[in-house]
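Nothing here was measured: the structure is a model prediction, and the numbers come from that model. The first residue of the sequence shown is numbered 1, and numbering continues consecutively from there.
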Amino acid sequence: MMEYRILGSSGVSVSTLALGTMTFGTETDEEAAHVQLDRFVEVGGNLVDTADVYSNGGSERIIGRWLARRPTEICDHVVLATKGRFATGAGPNEVGLSRRHLARALDASLGRLGVDAIDLYQVHAWDPYTPVEETLTFLDSAVRAGKIHYVGLSNFTGWQIQKAVDVADVRGLVRPITLQPQYNLLAREVEWEIVPACQSEGLGLLPWSPLGGGWLTGKYRRDERPTGSTRLGENPNRGVEAYDRRGANERTWDVLGAVDDIARSRELSMAQVALAWLVDRPTVCSVILGARTQEQLDDNLGAAGVHLSDDEIRRLDQASDPSPADYPYGGPGAEQRSRQIAGDN
């Protein structure tokens, strides 16, 4: 049931569900990681996403050893994506989007993955100190050298996306084709500026954390702090999905209630409903799964080919509406920017 879409403004087809590998080498050991990769390819998945800092390079090494032990027809099926930008050492130049750092980071990723070229090389986040011209010139030269095929962005804001695209166009450099943002039913603020920027410039979205760090699976309960072998059970204050932060927001429970109702009526898991909603959002070309276990991955892969009805989407949209303030993203601000073709009368 796996479906495929074009990767941004490229000509490459990718599965609508991608395999994220941030857990490889830490929460998921090598043997289990290879089982996940085999299963993902078996059901038709082809986009595998990693980064040089995942498990301090361990994730890339695990993928590289998997590729080395699989036949050519499987390796050729995989569309491989990785990222560079964050610190790979303690030195002041072992971080950022400078030509110096990215040159070393890219070569190191190629070595760990055991490949001659990376299909999608993404800058992992904005660098406030490196001129965007320097970063894009390096990426352009890497494409021309055959080390990477396409360029992507990750964790950029709307104006940063627009600046990167504009500089690439003015300088005649290779354009970025994708953006990786955090995007899910509990984190829709990207729709205010980031998604419109991508729509305007033809960038495809590769959302990460599609299940909100596990929240959208239904594993967490109101007034019951998580315990046990879950991400928040081990660290309730973990990142943007911290229990006290999200649990204190009434909208979180409204969303979970709506997801649960639809899941029950469709005989799906809550995760499958949340993934199906996200897959069909504008400009999304593939959603990055982040399963720790094979059981979680199999459940997530059950969302392949699932599409929600208009009424189901409307209910989830209403429950998850982040309700921006009146200006500039709320009703009055949006009305100022709107126009009726027949006039205002």
Query - Backbone N/O of G333 and side chain of R337: donor-acceptor pair under 3.5 Å - result: yes
Query raised in the report: For atom CZ of R144, is the number of surrounding heavy atoms from other residues, nucleotides or ligands below 6.0 Å larger than 12?
Result: no
Query - SB check D321 R315 (cutoff 4.0 Å) - result: no
**Report entry** N/O donor-acceptor pair under 3.5 Å between E134 side chain and P131 backbone
**Finding:** no
**Report entry** Worked check of salt bridge (Lys or Arg N to Asp or Glu O under 4.0 Å) between D107 and K147
**Finding:** CA-CA 9 Å; D107 284 346; K147 292 185 175 184; 2.8 Å; yes
Query raised in the report: When you check the gap from the basic side-chain N to the acidic O, do R314 and D311 get nearer than 4.0 Å?
Result: yes
Query - Polar side-chain atom of T283 near backbone of G204 as donor-acceptor pair, under 3.5 Å - result: no
Query raised in the report: Counting only heavy atoms not in N56, do more than 12 fall under 6.0 Å of its CG?
Result: no
Report task. Please confirm whether the backbone N or O of S320 pairs with a side-chain atom of R251, one donor and one acceptor, at under 3.5 Å? Result -> yes
Requested in this report: Look at K83 together with D49 and state whether they make a salt bridge at an N to O cut-off of under 4.0 Å.
Outcome: yes
Query raised in the report: So, are R281 and E191 salt-bridged, with charged N and O less than 4.0 Å apart?
Result: yes
Query raised in the report: Cluster partners of V12, using ILVMFWY side-chain heavy atoms under 4.5 angstrom, listed by chain and number?
Result: L7, V14, L47, V79, L120, Y150, I177, L206, I288
Query - ring pair (Phe, Tyr, Trp, His ring centres under 6.0 Å) contacts in which one or both residues fall within residues 3-28, not counting sequence neighbours - result: none
Query raised in the report: If you draw a 6.0 Å radius around CG in D116, do more than 12 non-hydrogen atoms from other residues or ligands fall strictly inside?
Result: no
Query raised in the report: Do R39 and D298 touch side chain to side chain, with heavy atoms closer than 4.5 Å?
Result: yes
Query raised in the report: Are any of the side-chain heavy atoms of I194 and I161 separated by less than 4.5 Å?
Result: yes
Query raised in the report: Does T130 use its side chain to pair, donor to acceptor, with the backbone of D127 at less than 3.5 Å?
Result: no
**Report entry** Q272 side chain reached by N300 side chain, heavy atoms, under 4.5 Å
**Finding:** no
Query raised in the report: Cut-off 3.5 Å, side chains only: do W208 and N184 have a donor facing an acceptor?
Result: no
Query raised in the report: Is there a side-chain contact between L80 and L113 (heavy atoms, below 4.5 Å)?
Result: yes
Query raised in the report: Do the non-hydrogen side-chain atoms of Q36 and L19 ever get within less than 4.5 Å of each other?
Result: yes
Query raised in the report: Does a donor on one side chain sit under 3.5 Å from an acceptor on the other, for S59 and T50?
Result: yes
Query - P196 backbone acceptor or donor facing S200 side chain under 3.5 Å - result: no
Report summary line: So ring pair (Phe, Tyr, Trp, His ring centres under 6.0 Å) across residues 281-333, not counting sequence neighbours, yields W192-Y329
Query raised in the report: So if you build clusters from Ile, Leu, Val, Met, Phe, Trp, Tyr with side-chain heavy-atom gaps below 4.5 Å, do Y54 and V35 land together?
Result: no
Query - E42, CD: over 12 other non-hydrogen atoms inside 6.0 angstrom - result: yes
Report summary line: Nearest heavy-atom approach of C198 to L205 is SG-CD2, 3.8 Å
Query - Student check: side-chain heavy atoms of D169 and R175 closer than 4.5 Å - result: yes
Report summary line: Sorted by chain and number, sequence neighbours left out, ring pair (Phe, Tyr, Trp, His ring centres under 6.0 Å) with H149 holds for none
Query raised in the report: R222: what forms a salt bridge (Lys or Arg N to Asp or Glu O under 4.0 Å) with it, not counting sequence neighbours?
Result: E250
**Report entry** Side-chain heavy atoms of M1 within contact of V43, under 4.5 Å
**Finding:** no
Query raised in the report: For A18, does its backbone N or O pair with a side-chain atom of S15 as donor and acceptor, under 3.5 Å?
Result: no
Query raised in the report: Counting distance only, does the side-chain N/O of Q160 pair as donor-acceptor with the main-chain N or O of F156 below 3.5 Å?
Result: no
Report task. Ignoring hydrogens and angles, state whether a donor on the side chain of T178 or Q122 is under 3.5 Å from an acceptor on the partner side chain. Result -> no
Requested in this report: State plainly whether the residues D52 and R85 are in salt-bridge range, i.e. N to O under 4.0 Å.
Outcome: no
Query raised in the report: Side-chain contact, heavy-atom cut-off 4.5 Å: T72 with C75?
Result: no
Review item, side-chain donor-acceptor pairs of residues 91-99, under 3.5 Å, at least two apart:
from	atom 1	to	atom 2	distance (Å)
E94	OE1	A90	N	3.3
E94	OE1	G91	N	2.6
S98	OG	H101	N	3.0

Report task. Give a yes or no on this: more than 12 heavy atoms of other residues, nucleotides or ligands lie within 6.0 Å of atom CD of E73. Result -> yes
**Report entry** Side-chain (D280) to main-chain (L275) donor-acceptor, under 3.5 angstrom
**Finding:** no
